[in-house]
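The chains referred to below are lettered A, B, ... by the order of the sequence lines, with proteins before strands, and numbering in each begins at 1.
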Amino acid sequence: MQGIILWEVRLPRVLLGVLVGAALAVSGTVMQGLFRNPLADPGIVGVSAGAGLGAITAIVLGSLLPIALRDSLGHFLIPVAAFFGGWVSVLLLYGVATHGGRTSVATMLLAGIALGALSGAVSGLMVYAADDQQLRDLTFWGLGSLAGATWAKVATAAPILLLAMAGAMTLGRGLNGLAFGEATALHLGIPVQRVKTLAILAVAAATGGAVAASGGIGFIGIVVPHLLRLATGPDHGPLLLNAALLGASLLLGADIFSRVIIAPAELPIGIVTAVLGAPVFLWILLRQRPMGDF
Amino acid sequence: MLHAEAITLAIGGKAILRDVSLSARAGEITAIVGPNGSGKTSLLRVLTGETAAAGRVRLDRLDVHPRAATALAARRGVLPQATRIAFPFTVIELVRIGHGAGQHATRADIPDRALARVGLGHLANRFYQDLSGGEQQRVQLARVLAQVWEPVGPGGANWLFLDEPVSSLDIGQQLSVMRIARNYAQAGGGVVAVMHDLNLTAMFADHVVMVQQGEIAGAGKPHEVLTSGRLSAVYGCALRVSTLPLGHVPYLLPQAAQEFVG
Ligand SMILES: Nc1ncnc2c1ncn2[C@@H]1O[C@H](COP(=O)(O)OP(=O)(O)OP(=O)(O)O)[C@@H](O)[C@H]1O
Ligand SMILES: [Mg+2]
């Protein structure tokens, strides 16, 4: 009996936590490098909401898809839809907030708010259109927790998240260059366009995969890179790898905490990460110097 | 040899550069001078492959173009007019990023030597954002030097492209940075520098290109280009150039300028 619990319940949950935590931290790191700002986090600037909209749309309207397409995607339908939702969000955000290689922080945050609100509103509309079974799926998914972890879920999330992280790990030099602005990055020999495209895809896949697997778990993407920059400096080479490790550990820790603090009941993990992360976010805002407005 | 032919650039329908041709030789300092807004920075951007423009730019046998970024990074470093950096990098981390982009990335001593060259070795572990404007400018120069440390590499001469390298420096540092540029050129490297200080230009440049409203208004040796007549016409105020008895070095005192009349 204990063996079954360990194998069927605990282990997939741990694995999903590791994958999702690492992916969230890495996507935050990449996004901050891309936008050249420590406040750019998929959760804060509406990318997670966009991915969520993609996932909800897939749950509610997935039945309208041609059967051939639905069958070929199988379990991957929801994460792929979340990836597209996230992708469109980052593209929109980057297009609005960045001009001539410079990102305006104010525009980025405001556009992120608008994007998040819009995605949230459309997601709300989708809920109206859902039937009973879909509503159950949505509620289950929207809990934003690792509680629903199964081997099937791990198997679906793993390829997407691992691919996204592998892609992100190649971006160290490129993101370091982008910290100087696009022109200097080019002079340093960095293929700027390719780096930006890959960064946007990696953020979308990591965020989309994580959101599809566990709903919106916030603040990992902002806390982890920030702590690491304080510890080891802003060099993206070590930063990306360390972010994956610390993100995995942090989410795992938060998950354990959420299970034991009011046992036998369970605290939604999003609450734990928010309590941890929101103060850090405010702290960065306070410390932000004028130079941060790149 | 840097060779630009018939460069024409328009941004948003506005002509910025019109039919600009110029050559710069390795072993020399080529200065680009001209009034504010005349197109010096835009020209430098085309010469470094940052901006694509009509016409043709070649660095030896390399076609200079944004797509050639990687090949170009091994041959030339670029100091922009202004650089802002995201994230709190320390001075030495920043110089190492430049170093890592060049052809001597395996020689670990270069970043420290580049920093010492600009006289800032003692600031290696400070945060870049905490430095003064002039110190930041010199750190950026060290970053560029670290990228193309050897004036001559396996592919031929290496190049420095500097957009107003002394604009926020005190007079001692102005001279020392210009000497760094001269040493680089004398060792066989190429230097192209956008300059506002005409006296420093006259002292250090081997070749001067004067730009006016996006067109070449003169090119040649300093004493050929920096004449009272041409300067007065291009800068729109009466300027009188004098000459030091030794050699042909012209100099200019703002005190000798009169309001332009007519
Ligand atoms: N991206 C752009 N969009 C529109 N106009 C531009 C752009 N870049 C430059 N210009 C215009 O082109 C002209 C030349 O600009 P440039 O920066 O090359 O001047 P400059 O000679 O370097 O001036 P300064 O001495 O002030 O640095 C200016 O009139 C400028 O307004
Ligand atoms: Mg300029």
| Would the number of heavy atoms belonging to other residues, nucleotides or ligands and lying under 6.0 Å from CZ of B:R67 be above 12? | no

| message | Looking at every non-hydrogen atom in both residues, tell me the closest pair between A:N176 and B:F89 and how far apart they are. | response | OD1-CZ, 4.0 Å

| remark: Checked B:T51, B:L94, B:L79 vs chain A; the most non-hydrogen pairs under 4.5 Å come from B:L94

| query | Taking every heavy-atom pair that is under 4.5 Å apart, which of B:E93, B:Q147, B:R76 has the most such pairs with chain A? | reply | B:R76

| query | Where is the tightest heavy-atom contact between B:A101 and A:R173, given as atom of each residue plus distance? | reply | CA-NH1, 4.0 Å

| request: Please list all pairs passing the ring pair (Phe, Tyr, Trp, His ring centres under 6.0 Å) test where one or both residues lie in residues 231-255 of chain A, with sequence neighbours left out. | output: A:H236-B:F87

Output a table of donor-acceptor pairs, distance under 3.5 Å, between side-chain atoms of residues 247-255 of chain A and any protein atom two or more places apart or on a different chain; print 'none' if there are none.
{"unit_1": "A:S249", "atom_1": "OG", "unit_2": "A:L245", "atom_2": "O", "d": "2.7"}
{"unit_1": "A:D255", "atom_1": "OD1", "unit_2": "A:R13", "atom_2": "NE", "d": "3.4"}
{"unit_1": "A:D255", "atom_1": "OD1", "unit_2": "A:R13", "atom_2": "NH2", "d": "2.8"}
{"unit_1": "A:D255", "atom_1": "OD2", "unit_2": "A:R13", "atom_2": "NE", "d": "2.9"}

| task | Please indicate whether B:R18 has more than 12 foreign heavy atoms, meaning atoms of other residues, nucleotides or ligands, lying under 6.0 Å from its CZ. | result | yes

| 4.5 Å side-chain heavy-atom contact, A:T184 and B:R143 | yes

| request: Select one option (side chain, backbone, both, neither) describing which atoms of B:L72 are under 4.5 Å from chain A's heavy atoms. | output: neither

| request: Indicate the atoms forming the closest heavy-atom contact of A:P234 with B:P88, along with that distance. | output: CG-O, 3.4 Å

| remark: Here the side-chain hydrogen bond (donor to acceptor under 3.5 Å, both in side chains) pairs for residues 101-119 of chain B, sequence neighbours left out, are B:R107-B:E150, B:D109-B:R113

| remark: Checking heavy-atom separations under 4.5 Å from chain B, one finds in residues 185-201 of chain A A:L186, A:H187, A:L188, A:G189, A:I190

